[in-house]
2 protein chains.
Amino acid sequence: MAIPRAAKTQRRTRIQEEKEEIILEAALDVFSVSGFRGSTIDQIAEVAGMSKPNLLYYFRTKEAMHRALIDRVLFTWLEPLRAFDANGNPESEIRSYIRRKLEMARDFPRESRLFANEMLQGAPHVEDELRGPLKSLVDEKVEVIRTWAQAGKIAKCDPYHLIFSIWSTTQHYADFDVQVRAVLGPEHSGEGRFEDAARYLEQLFVDGLRIRGPRA
Amino acid sequence: MAIPRAAKTQRRTRIQEEKEEIILEAALDVFSVSGFRGSTIDQIAEVAGMSKPNLLYYFRTKEAMHRALIDRVLFTWLEPLRAFDANGNPESEIRSYIRRKLEMARDFPRESRLFANEMLQGAPHVEDELRGPLKSLVDEKVEVIRTWAQAGKIAKCDPYHLIFSIWSTTQHYADFDVQVRAVLGPEHSGEGRFEDAARYLEQLFVDGLRIRGPRA
DNA sequence: TGTAATGTTTACCAATCGGTCAAATTATCC
DNA sequence: GGATAATTTGACCGATTGGTAAACATTACA
């Protein structure tokens, strides 16, 4: 008798590891474009190259697949912020945070879109994670930024909105990719647009945070 | 015999105007949360408070409803950018553009989310509008900004990415509203967050664009 | 190599999907 | 007030949805 999801053996089979990976990969393809409600198990099964019941053998419901995916993505999504170092140099920390977030937008656009889709729908599946781990981490980094500002290392600013603006500007290049390409035109839609964005954003944020000297 | 959508009379009935308005309002509610694929005619019909066939009497297909909605939203979405005045003062023009966009995020979050949903899905229904009218308008304003920079009125910067960053930061407060509220916590989730955002963003962009004098 | 656990497939289900149709109801205008 | 056009509804359709049952195939391990 088949017992899905290794309930009996505790240890996961080689096949389980492989297939679950393939499924989550396919699920990411589909969910990131159509959102939870707009995606179907059949679509995912087709992308994964296996039958629907086979897929449901590994993840018993559509919700289960989505949850597994969200958990994984949320973790990597927060990586750059976690790397934000209180002991580093403010300017270079912000610079590399922007760079890291832009690299994620370039290298993992599906993950970014999955997350964006979830937010647009009111975060029905991750509200707890937002209020818990996410808020805690942000609060922690906000304190760092505040300390920097009080020490006169950077200009005073609202740290929450600073973080929001870095999130939104960087993720924009993943989530609104079609729009960016359409506006830039085919001649500027190569991968170079990420370098242009990095240059622009670093200038924007670093200059914006520099302590302003005697007015020009 | 009933001829849908006033094919015969040319002029639209009072009832037609009213009902189409109610339907589009309901459709905005639903589409903005679940996207096109994830929304159902039944949902919209329920929100609109009428039967499904009745709804389909005014809009023959789900696509027709979505298109009518997109056309309307795209127009108002571009209003602030259209208002961007080449003859105005650069600093105050950018300031009021940011303010206008933030007001839209506050007052029309569903419209912003509808648009974001469409972008996430690869803009299957509006790619032409992006490449055509949108790109033209942006190109026009990019020239304005470029002229300002060349005249030494503002710092040099990539005008395209400047516009992208204003779009993304302002729309963030509509599209990622749940996240913003979760991170700010219940005590800062009142309408005041838009004022805080406005203050922060105006400072960020205006300072970032000020010609920098002798270094501080 | 045998066998028990694991993995896969075919056939199927009830619910929901987008959409149609004809009949019933209501508004409009002379 | 009656005819005519406009509106609304309930019953229905085939396709698709998320998910199940059980037979079948494969793997792992003694």
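So you know, we letter chains A, B, ... as the sequences are listed, proteins then strands, and number each from 1. Only this structure's heavy atoms are used, side chains among them; waters, hydrogens and symmetry mates stay out.
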What is the separation between atom [atom1] on [X] and atom [atom2] on [N], rounded to the nearest whole Å?
| X | N | atom1 | atom2 | answer |
| --- | --- | --- | --- | --- |
| A/R60 | D/dG19 | CZ | P | 12 Å |
| B/M50 | C/dT26 | CE | P | 16 Å |
| B/K19 | C/dT26 | NZ | P | 12 Å |
| A/E18 | C/dT8 | CD | C1' | 15 Å |
| A/E17 | D/dT27 | CD | P | 17 Å |
| A/E20 | C/dG7 | CD | P | 9 Å |
| B/E46 | D/dT9 | CD | C1' | 17 Å |
| A/Q16 | C/dA5 | CD | C1' | 11 Å |

Evaluate the side-chain proximity of B/F31 to B/R113: yes if any heavy-atom separation is below 4.5 Å, no if none is.
-> no
If the cut-off is 4.0 Å, is [X] near the phosphate of [N], judged by side-chain N/O to OP1 or OP2?
| X | N | answer |
| --- | --- | --- |
| A/Y57 | C/dG7 | yes |
| A/Y58 | C/dT8 | yes |
| B/N54 | D/dT7 | no |

Parallel, tilted or perpendicular, as decided by the 30° and 60° cut-offs, for the rings of A/Y173 and B/H161 =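 Tilted.
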Classify the ring geometry between B/F176 and B/H172 as parallel (under 30°), tilted (30 to 60°) or perpendicular (over 60°).
-> parallel
Axial cation check for B/F59 ring with B/R67, 6.0 Å and 45° limits = no
Report the residues that fulfil side-chain hydrogen bond (donor to acceptor under 3.5 Å, both in side chains) with A/R37, sequence neighbours left out, ordered by chain and then residue number.
-> none
With A/E21, which residues qualify under salt bridge (Lys or Arg N to Asp or Glu O under 4.0 Å), at least two apart?
->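 A/E21: salt bridge (Lys or Arg N to Asp or Glu O under 4.0 Å) contacts with A/R72.
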The nucleotide from D/dT9, D/dT20, C/dT6 with an atom nearest the side chain of B/S51 is D/dT9
For nucleotides 15-18 of chain C, which of its nitrogen or oxygen atoms have a protein nitrogen or oxygen under 3.5 Å away, and what is each distance?
unit_1	atom_1	unit_2	atom_2	d
C/dG18	OP1	B/S39	O	3.2
C/dG18	OP1	B/K62	NZ	3.1
C/dG18	OP2	B/I41	N	3.0
C/dG18	N7	B/K52	NZ	3.0

So, A/Y97 and A/D85: side-chain donor and acceptor under 3.5 Å apart, yes or no?
-> no
